[in-house]
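Quick one: the structure is below, questions incoming.
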Amino acid sequence: MPDTKRTATGVLGGLAGLVGLSAAAGVLIAATITPAVAITSTAAERAITMFDNLPSSLEIDKLMLPSNFYYTDPATGQPSLMTQFLEQDRTPVSFDQINPVMYDALLSSEDPRYYQHGGIDLIGTTRALLSNAGGASETQGGSSISQQYVKNVLIQKCEQNAETEYETDEAGEPVLDENGAAVVKVSRDQALLNCWTDATTAEGSEGYTRKLQEMRYAIALEQKYSKNDILLGYLNIANFGGITYGIEAAARYYFTTSAANLTVAQAATLAGMVQNPNNYRIDKAGGSIFGADGATFNKAPDGVIDEGANLTVLDDLVASGEITEEQKLAAADGYTSTKVRQLYVLSRMLDDGKITREQYVEAAVWPITPAINPPKTGCANAGGAAYFCQYVKYVILNDPAFGETAEDRQETLQRGGLNVYTTLDPRVQAPAEQAMATYAPSSIEMRQGTTVPSPGRFGSTTVSVEAGTGRILAMAQNTKFSEDASVAPDLNYSAQVYAGDLQFGNSTGFNAGSTFKLFTLLDWLEKGKSVNETLNGTLRLFKKLTVCGETWTNTATKPTGNFGGDRGRVGTPMQFTASSLNTGYFAMAEKLDLCDIANVATKMGVTQGNGDPIKMENLNSVIGTANVSPLAMAEAYATVANNGIYCQPQVIDRITDSDGNDLPKPERTCNQVLEPRVAATAAYALQGVMNGGTGNQGNPRDGTPLIGKTGTHEEIQSWLIESSTKVATATWAGNVQGGGDIFKTSYNGVRLSDIRYRITRDVQAAANAAYGGDRFAGPDSELTKQVLTDLPNVIGQTVEQATKTLEDAGFSVNVGDPVDSDQPAGVVGAQNPGAGKVAGGSTVTINPSNGEGLTIPNVSGSTLEDAKKALRSAGFGNVSDGSCTADAALGAQTRAGATNPSAGSVVNRNTSIAVDYTAAVCGGGGRGPGGGDDD
């Protein structure tokens with residue numbers, strides 16, 4: 001077998017006896033360090049050849065580092081840590097950021113000849129090989145710092161590739177349990193533990209192989225890097241128990257200090273831990289901790305030293321008079337196993353002259369006193385900003401830039417050392433958290449302290465965005481954050497981001513209610529229609545709408561009503577918006593296409609909560625039956641405030657890698673989606689909501705111009721969205737699942753349906769204070785002009801025909817009593833107002849004809865006698881003389897003038913008709929010449 005194919009196991013396994021093994025080990029080490037040594041043993045020569053042929057190039061991967069989420073501290077302008085995501089709690093430091101006493105403690109106890117050997121400690125390694133060959137159950141130490149560094153590098157490589165392993169059948173298919181879940185063969189946690197076990201406790205020939213490979217890598221490592229670099233690398237990669245890695249994290253976690261400020265006693269404690277990190281941990285209350293194998297180690301209670309613990313050093317110090325018995329007991333009343341190990345480190349430091357006798361005594365008598373400072377990990381540790389944090393996390397986990405698969409992206413977040421600088425603004429976030437805490441109960445509080453108990457889960461959220469950028473400034477929620485499935489039954493806890501959607505929050509959104517009317521208003525304006533056009537917004541059955549060019553017919557038998565039982569009115573979109581009149585918006589939708597309205601929502605970034613496009617297919621969709629996210633709605637109103645420019649929401653200002661190099665952040669754009677004149681006119685209408693309209697209660701009254709809109713959906717959801725030209729805030733409060741009537745449920749004396757006003761008011765006030773706000777652009781003159789509508793003439797139509805004609809033209813119809821008319825009985829004989837230009841949506845009264853009406857003919861200019869005959873011929877039986885006007889020039893003639901009632905009037909045939917006339921002589925009751933009675 002060629003030497004290059006032989007393994008260390010094979011070589012060493014062929015050596016017989018302890019003496020041969022020891023000799024081989026000595027020769028190998030000597031040959032590696034001093035190649036000039038003469039080798040005569042054939043076995044040794046082969047071992048040396050095999051050793052030289054082992055891989056020597058060890059690629060040192062980047063450390064697994066926490067990812068950090070930051071926000072900008074407005075007081076300093078500097079980043080402030082929000083939370084971290086990690087598998088290993090590690091903060092790498094430079095060589096001069098570690099107190100030299102830490103180097104002394106480590107080297108004295110682990111590798112005192114570090115700066116003299118070439119990567120392998122001949123004495124220590126030989127001793128370890130002898131021990132292992134003698135039948136030790138575990139491979140012994142003796143490794144140099146360089147070897148230990150190599151071991152940790154290999155462990156990290158293993159950990160980076162550790163994955164859950166599943167049972168498979170003969171065909172390689174996953175084996176499923178009774179619930180259909182894949183059966184786990186090796187969990188990821190176990191795989192991670194195996195990485196450590198395989199690298200540190202392998203037995204027999206595997207241990208020899210590992211040791212030789214460590215040696216080979218260590219020698220090559222020292223040929224490439226300086227001693228200081230290797231020492232620093234080791235202190236940055238080494239495990240100090242649990243998920244604590246590296247000296248800086250260990251100093252912070254165990255003693256709430258930094259590596260630069262470690263004391264002699266603290267440094268000796270930490271140096272002692274690296275030999276068996278989980279056995280010497282001091283991070284559990286009462287001293288009880290659990291090692292990787294589940295072994296328990298306990299603090300000695302009340303000064304009683306654990307049996308077998310070697311604390312004779314303390315007795316010696318008492319005997320020498322350097323400490324008292326009380327000091328001994330205090331020092332021993334600590335983490336006994338760790339204290340024993342610490343005293344060993346201190347004694348080695350003293351022997352090596354690294355510390356003075358006084359320092360030694362001071363450190364030895366010090367009771368190990370941890371000041372545990374756990375890492376701030378996960379969104380649960382982001383405090384009130386937990387749901388903002390969760391949204392940021394979803395953004396990263398959904399961006400392919402951070403990994404091809406979801407698992408890859410999760411690993412990047414946990415290990416990649418990202419520095420994520422978020423858009424959160426504490427000036428808005430803190431008031432949002434406070435408002436949520438003050439006004440919005442948790443589900444448990446709601447059920448226990450409400451006037452009317454409400455079943456199910458009650459929820460509330462508020463979110464604020466910067467109009468000109470889409471930057472999310474704040475996000476707060478009424479639940480406590482937890483991703484622990486065990487607390488899921490507790491309605492106080494949730495990991496859902498109510499402000500987000502399914503992709504960025506695991507939420508499907510909520511019924512938008514009347515806040516959705518924004519898109520009907522915008523489509524109305526885009527069609528060139530005026531907000532001052534008069535429409536019939538009275539309560540009625542809206543029978544037909546246009547949906548994608550097709551006619552939708554309303555099959556309901558009762559009209560959809562208005563809030564509070566309002567009967568509606570004839571009015572304008574300006575008025576309908578301020579009062580949030582459903583029937584007014586139905587009247588607007590009658591003149592539009594619902595698909596066009598949905599398209600407006602789409603181009604403004606609003607989708608259904610599950611990501612599907614908005615669909616509007618019936619009358620009620622106009623008033624917000626679709627489930628949408630509060631964030632999307634906040635962005636829509638921000639678009640109006642931003643002169644029609646829609647900016648995609650963003651929560652990340654900047655991302656860097658662990659070295660500070662900028663990485664591409666998730667792409668977000670701003671686009672003009674509305675004409676500025678449309679946006680300005682919409683803002684003009686929406687200002688009425690906040691100034692005397694339905695949103696008036698939510699106006700902070702700080703002088704900042706605001707637009708806004710309220711919304712409710714039945715008795716289960718409520719909204720208020722308002723915006724300055726700088727910041728938009730959306731607040732939702734309602735039922736998440738199940739739930740009751742929020743209009744009949746109160747908390748601290750306030751109806752749950754009304755907390756939207758208080759929350760939004762406080763949050764927007766904070767945003768206004770931080771960002772200000774300008775006047776909105778003036779409305780477009782064409783889109784605000786008074787509009788008159790053609791009223792058709794329906795005289796002569798049947799009542800049914802006339803009603804349809806008028807309603808199709810947008811008018812409401814009132815059928816009055818029958819009137820005298822020359823039209824046939826039953827058809828429309830009169831209408832008021834008459835045909836012509838009138839205010840759109842007016843009510844038109846139509847009267848059916850009774851068939852008894854006649855039109856008075858025009859008889860003016862004929863003789864009086866001829867006039868009377870003409871009237872009688874027309875059907876009037878009661879004709880008489882009217883007033884006379886004298887005119888001598890007429891001679892014997894008379895001339896008929898006007899009639900009373902006047903010509904053209906339609907009156908009953910029995911109506912008395914008087915004919916005014918002109919004669920040469922009037923008076924005396926007689927007639928002029930030629931006069932006579934026609935009767």
Side-chain angles (χ1 to χ4, degrees), residues 467 514-538 568-593 596-597 599-601 603-604 622 636-646 672-696 699 704-710 721-725 728 773-791 809-812 836-842:
S514 289
T515 60
F516 201 82
K517 291 173 181 172
L518 170 68
F519 307 114
T520 297
L521 174 63
L522 291 171
D523 188 49
W524 177 267
L525 294 170
E526 287 189 329
K527 296 298 189 293
K529 297 179 179 297
S530 170
V531 292
N532 287 317
E533 181 174 338
T534 304
L535 300 170
N536 177 18
T538 56
R569 66 198 61 86
V570 172
T572 65
M574 278 288 293
Q575 297 166 334
F576 300 154
T577 302
S579 62
S580 196
L581 191 70
N582 291 347
T583 50
Y585 266 81
F586 294 154
M588 295 166 65
E590 277 187 315
K591 296 177 175 290
L592 303 171
D593 189 317
D596 291 342
I597 298 174
N599 290 338
V600 173
K603 71 181 179 182
M604 297 177 73
V622 174
Y637 280 80
T639 301
V640 174
N642 193 34
N643 296 313
I645 299 174
Y646 166 65
Q672 188 87 47
V673 297
L674 300 174
E675 291 181 64
R677 71 187 191 108
V678 169
T681 308
Y684 172 64
L686 292 167
Q687 288 179 75
V689 175
M690 302 306 299
N691 297 306
T694 58
N696 191 61
N699 193 327
T704 305
L706 295 172
I707 63 173
K709 188 72 189 71
T710 55
I721 308 174
E722 60 187 68
S723 180
S724 69
T725 57
D774 304 320
R775 290 184 178 275
F776 291 94
D780 181 79
S781 59
E782 280 296 307
L783 298 178
T784 54
K785 66 183 179 181
Q786 296 290 333
V787 177
L788 296 178
T789 302
D790 287 323
L791 175 61
F811 297 93
S812 59
K837 293 285 187 179
V838 299
S842 300

Interatomic distance, CE@M690 vs OG1@T710, rounded to 0.5 Å, equals 9.0 Å
For this session: For S530, check side-chain hydrogen bond (donor to acceptor under 3.5 Å, both in side chains) against everything at least two apart and list the hits.
Result: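 Here no residue qualifies.
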Would you say E675's side chain and G644's backbone share a donor-acceptor pair under 3.5 angstrom?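 Absent.
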With a 4.5 Å heavy-atom cut-off, do V640 and M604 have their side chains touching?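 A side-chain contact under 4.5 Å exists here.
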*Can you name the salt bridge (Lys or Arg N to Asp or Glu O under 4.0 Å) partners of R569, sequence neighbours left out?*
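For R569, the residues satisfying salt bridge (Lys or Arg N to Asp or Glu O under 4.0 Å) (neighbours in sequence not counted) are D566.
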Return the minimal non-hydrogen interatomic distance between V622 and F516, and the atom names on each side.
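Smallest heavy-atom distance, with atoms named: O-CD2, 4.2 Å.
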dist K591:NZ -> L535:CG (nearest 0.5 Å) comes out at 6.0 Å
Side chain to side chain contact (heavy atoms under 4.5 Å, CB included) test vs L525 passes for just one of V600, T681, L674, namely T681
In terms of heavy-atom contacts, L706 and S724 come closest through CD2-N, 3.7 Å
Rounding to 0.5 Å, atoms OH (Y585) and OG1 (T577) come to a distance of 2.5 Å
Distance col, row N536:CG vs T789:OG1, nearest 0.5 angstrom, shows 11.5 Å
Do you know the tightest heavy-atom contact between A638 and S723?
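Reported closest heavy-atom pair: CA-OG, 4.2 Å.
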For the side chain of N532 and the backbone of K785, is there at least one donor-acceptor N/O pair under 3.5 Å apart?
-> no
ask   = Quick one: does Y637's side chain have a donor or acceptor within less than 3.5 Å of a partner on K709's backbone?
value =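 Checked: no pair found.
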As an exercise, state the distance from CZ of F811 to CG of D790, rounded to the nearest 0.5 Å.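 F811 CZ to D790 CG: 7.5 Å, rounded to 0.5 Å.
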Here the gap from F776 atom CZ to T725 atom OG1, rounded to the nearest 0.5 Å, amounts to 6.0 Å
Are T572 and V787 packed together at the side-chain level, in the sense that at least one heavy-atom pair is separated by less than 4.5 angstrom? no
- Task: Answer whether the closest heavy-atom distance between the side chains of K529 and L592 falls below 4.5 Å.
- Result: yes
Considering non-hydrogen atoms only, spot the tightest contact between A682 and L522 and give its length.
->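 Distance-wise, the nearest heavy atoms are CB-CD2, 3.5 Å.
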Residues A685 and L521: closest non-hydrogen pair is CB-CD2, 4.2 Å
side-chain hydrogen bond (donor to acceptor under 3.5 Å, both in side chains) pairs touching residues 516-526, sequence neighbours excluded, are S514-K517, K517-S580, K517-N582, D523-K527, E526-K603
Item to check | Nearest non-hydrogen partners of P779 and T784, listed with the distance | outcome: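 Smallest heavy-atom distance, with atoms named: CB-CG2, 3.6 Å.
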